[in-house]
Protein chains: 2
Amino acid sequence: MSERRKLTLKDIAKDLGISVSTASRALKAHPDIAQETIQMVKDYAAKHNYVPNIIAVNFRKSRTKNIGLIVPELVHHFFSTVISGSIDEAKKSGYNILVSQSNDFLADEIVACKTMMASSVDGLLISISNETYDGDHILEFIDEGKPVIQFDKILEKLPVPKVIVDDFEGGYSATKHLIDQGCKRIAHIAGRKDVLNACERMKGYKKALNDHQIPFKEEYIRYCESISEEEGEQFMEEFLALPNPPDAVFCITDLVALGVIKALKNKGISIPDQIAIVGFSNWKLAEIVSPSLTSIDQHGYQMGVVAVRMLIQKLEDKNFEIPDTLELKTRLVIRDSSVKVKA
Amino acid sequence: MSERRKLTLKDIAKDLGISVSTASRALKAHPDIAQETIQMVKDYAAKHNYVPNIIAVNFRKSRTKNIGLIVPELVHHFFSTVISGSIDEAKKSGYNILVSQSNDFLADEIVACKTMMASSVDGLLISISNETYDGDHILEFIDEGKPVIQFDKILEKLPVPKVIVDDFEGGYSATKHLIDQGCKRIAHIAGRKDVLNACERMKGYKKALNDHQIPFKEEYIRYCESISEEEGEQFMEEFLALPNPPDAVFCITDLVALGVIKALKNKGISIPDQIAIVGFSNWKLAEIVSPSLTSIDQHGYQMGVVAVRMLIQKLEDKNFEIPDTLELKTRLVIRDSSVKVKA
DNA sequence: CTGTTAGCGCGTTCAC
DNA sequence: GTGAACGCGCTAACAG
């Protein structure tokens with residue numbers, strides 16, 4: 001049962017009275033090798049349960065078959081979905097995913113990059129932290145000849161391929177959906193102005209208003225700093241204090257929407273009849289909360305799959321050119337929080 | 001900036017006119033080497049940004065500094081918390097975590113194990129699937145001299161160290177808390193009878209009842225198959241149909257508790273005044289749902305930290321004996337769903 | 001068709 | 001105090 005030392009090519013070569021290289025080639029069914037030799041070696045290998053020493057193989061080929069994956073937060077529905085997709089896809093090609101998190105701190109992100117670099121991943125997938133405005137630590141990978149792909153939270157100026165969700169379209173369709181429900185005074189609780197995704201959603205929101213002749217009003221806009229439930233609650237209260245409160249709110253994230261819902265419940269305002277709500281990200285909580293929350297799904301799993309697939313393609317074929325930007329479409333998931341008119 | 005080929009020991013030996021072995025030893029400040037030589041080499045290395053080729057080092061030492069981590073589900077609050085802890089702790093010692101998921105299928109778990117084995121992780125952390133009743137695929141690691149630690153969902157008969165949460169104590173304290181609130185007819189929506197964690201919680205529940213002279217009644221017990229929200233909802237309805245419905249429910253999991261809450265809301269029954277609820281796991285949703293849910297925290301992060309720490313200790317010191325079972329205490333997190341009497 | 005040779009980059013005897 | 005030499009397990013170029 002427990003073999004002290006694993007069987008090596010050398011062992012099987014010796015036992016079979018052939019050379020190591022013949023054994024090696026036979027196992028790969030190299031065309032030069034005689035059919036019978038191939039059979040013999042393969043049989044022997046199977047019988048003795050030969051497993052090539054991957055560490056040696058990787059050393060020889062100077063690669064690791066490991067892909068680094070850095071996310072801001074691991075314990076986060078969206079990112080764990082992305083990771084899940086990455087892992088499943090990577091597995092198919094025999095790659096492993098090495099996960100690390102930045103906690104949304106630049107310092108941690110840099111450390112994570114260094115660690116990844118040191119442990120010699122073959123390539124990197126990264127979603128940057130909120131503090132990352134400069135990507136030197138990311139470019140180092142490129143310098144070392146290791147391909148990198150950014151996803152979701154990206155640094156636009158970085159000359160590195162990106163897989164993102166079409167936040168603009170998401171913001172647009174969320175807003176349009178509210179308009180379709182007959183809402184006229186649609187507020188938006190936005191993210192930080194310097195975060196790309198947040199800006200795109202805002203742009204989509206504005207465009208939708210514009211396309212439907214609804215004037216954009218600054219009083220219906222709030223900017224989150226930490227994207228928290230508390231902010232949602234507070235901003236909603238501010239909206240309610242307006243002389244002419246909104247009849248709908250599009251929130252940058254489901255968590256913020258949750259705060260909004262809380263505030264409304266506290267005031268006894270009915271959702272969606274008096275005020276309709278749409279979130280973003282389609283977290284687990286969107287279906288759990290009551291009323292269930294209409295949200296924009298970002299296809300996290302798919303994003304993980306796509307990013308990994310492109311990275312591996314590049315890894316296996318140096319000439320493959322990763323498209324500069326790949327935009328995944330969002331999907332509007334309609335639930336109770338926004339549907340004003342039934343039937 | 002971009003060095004075509006990385007600097008190797010050989011390069012620096014040649015440039016400095018010394019031998020490779022001297023260079024190697026100097027970098028490690030080997031006592032045999034002259035101080036000045038050490039300085040010279042270190043300076044040179046620092047100046048030229050020498051980074052040892054980890055793949056070669058690992059090959060030489062026949063290890064990877066990678067630790068496999070297999071969980072049933074990646075997109076799951078508890079497990080992502082564990083992963084988060086593992087990664088953070090592993091990083092401290094220069095180890096990487098290689099994550100994989102079984103989707104609660106035995107077949108997938110076996111494949112994941114094979115993959116881990118093939119990619120030569122140095123050791124394995126595993127939380128088994130619901131279908132795993134036999135651990136041959138896990139024992140293979142031991143046979144190969146790779147230490148394994150089970151965590152959370154474990155196979156008890158497997159002679160492999162375990163890090164678990166004290167489910168018995170958790171079940172006990174959840175139940176006792178309800179008793180303390182004055183509840184007399186406490187129901188329990190349990191998990192499958194063949195899942196260890198579920199049984200322990202049940203045992204704790206029974207013990208608490210017994211310690212407080214409350215008779216155990218089979219009519220107040222239901223067993224989940226899939227541990228879903230729907231089951232919680234359905235079972236709660238069944239409870240309500242009883243001639244003498246319970247005044248409290250202890251649920252195997254927060255998700256089930258969510259279903260219970262839904263059922264109660266539908267019937268217009270007030271929580272916690274008419275029926276108090278306690279969940280288990282302390283997911284994010286426990287604080288989000290309304291009323292907020294009292295739950296049992298399992299210290300997932302800590303579990304990841306502890307498991308990794310012990311594995312690494314074993315890895316670095318073959319003589320280290322991992323304790324057979326390490327039980328983490330749970331923590332009762334009291335929220336609105338269970339507190340009957342305020343002040 | 002097969003064997004010989006030559007490394008990959010590093011660590012580790014064993015001599016000097 | 002230092003260097004030469006060997007080998008980890010595997011692949012690949014070159015001979016025959």
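Throughout, a chain's letter reflects where its sequence line sits, starting with A, and its residues are numbered from 1.
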Calculate the interatomic distance between [X] atom [atom1] and [N] atom [atom2]; express it in whole Å.
X	N	atom1	atom2	result
A/L9	D/dT11	CG	P	6 Å
A/I55	C/dC8	CD1	P	20 Å
B/K28	C/dG11	NZ	C1'	7 Å
A/Q39	C/dC1	CD	P	15 Å
A/N58	D/dT11	CG	P	10 Å
B/K10	C/dG11	NZ	C1'	15 Å
B/R60	D/dG9	CZ	P	10 Å
A/R63	D/dT11	CZ	P	9 Å

(message) With a 3.5 Å distance limit and no angle check, can you tell me whether B/H48 reaches the backbone of B/Y50 through a side-chain donor-acceptor pair?
(response)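 No.
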(message) Regarding B/K162 and B/E156, does a basic nitrogen lie under 4.0 Å from an acidic carboxylate oxygen?
(response)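 No salt bridge links B/K162 with B/E156.
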(request) Would you mind checking if B/K10 and B/D15 are paired as a salt bridge, meaning a charged N to carboxylate O distance below 4.0 Å? (result)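 No, this pair does not count.
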For [N] and [X] - does any side-chain N or O of the residue sit under 4.0 Å from the phosphate oxygens OP1/OP2?
X	N	value
A/K61	D/dA12	no
A/S24	D/dC10	no
B/Y50	C/dC10	yes
B/T37	D/dT2	yes

(request) Can you measure from CD1 (B/I70) to CD1 (B/I126) and round to the nearest 0.5 angstrom? (result)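 B/I70 atom CD1 to B/I126 atom CD1 measures 4.5 Å (nearest 0.5 Å).
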(request) To the nearest 0.5 angstrom, please state how far the CG atom of A/D108 sits from the OG atom of A/S129. (result) 8.5 Å
(message) Check whether A/F141 forms a cation-pi arrangement with A/K146 (NZ or CZ under 6.0 Å from the six-membered ring centre, at most 45° off the ring normal).
(response) no
(message) Is the positively charged end of B/K314 above the ring of B/F320, judged by distance under 6.0 angstrom from the centroid and angle within 45° of the axis?
(response)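 Relative to the ring axis of B/F320, which defines the angle, B/K314 lies outside at least one limit.
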(request) Output yes if the stacking criterion (under 5.5 Å between centres, under 30° between planes) is met for A/F59 over the base of D/dC10, else no. (result) no
(request) Identify, between A/A56 and B/A34, the residue whose nearest nucleotide on DNA chain D lies closer to the 5' end. (result) B/A34
Look for any protein N or O under 3.5 Å of an N or O in nucleotides 3-6 of chain D and output each such pair with its distance, or none.
residue	atom	partner	partner atom	Å
D/dG3	OP2	B/S19	N	3.2
D/dG3	OP2	B/S19	OG	3.4
D/dG3	OP2	B/T22	OG1	2.4
D/dG3	N7	B/S21	OG	3.4
D/dG3	N7	B/R25	NH2	2.7
D/dG3	O6	B/R25	NH1	2.9
D/dG3	O6	B/R25	NH2	3.2
D/dA4	N6	B/S21	OG	3.2

(message) Over all strands shown, is B/N53 touching base, sugar-phosphate only, or nothing at heavy-atom distances under 4.0 angstrom?
(response)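 Sugar-phosphate contact only - B/N53 comes under 4.0 Å of backbone atoms but never of a base.
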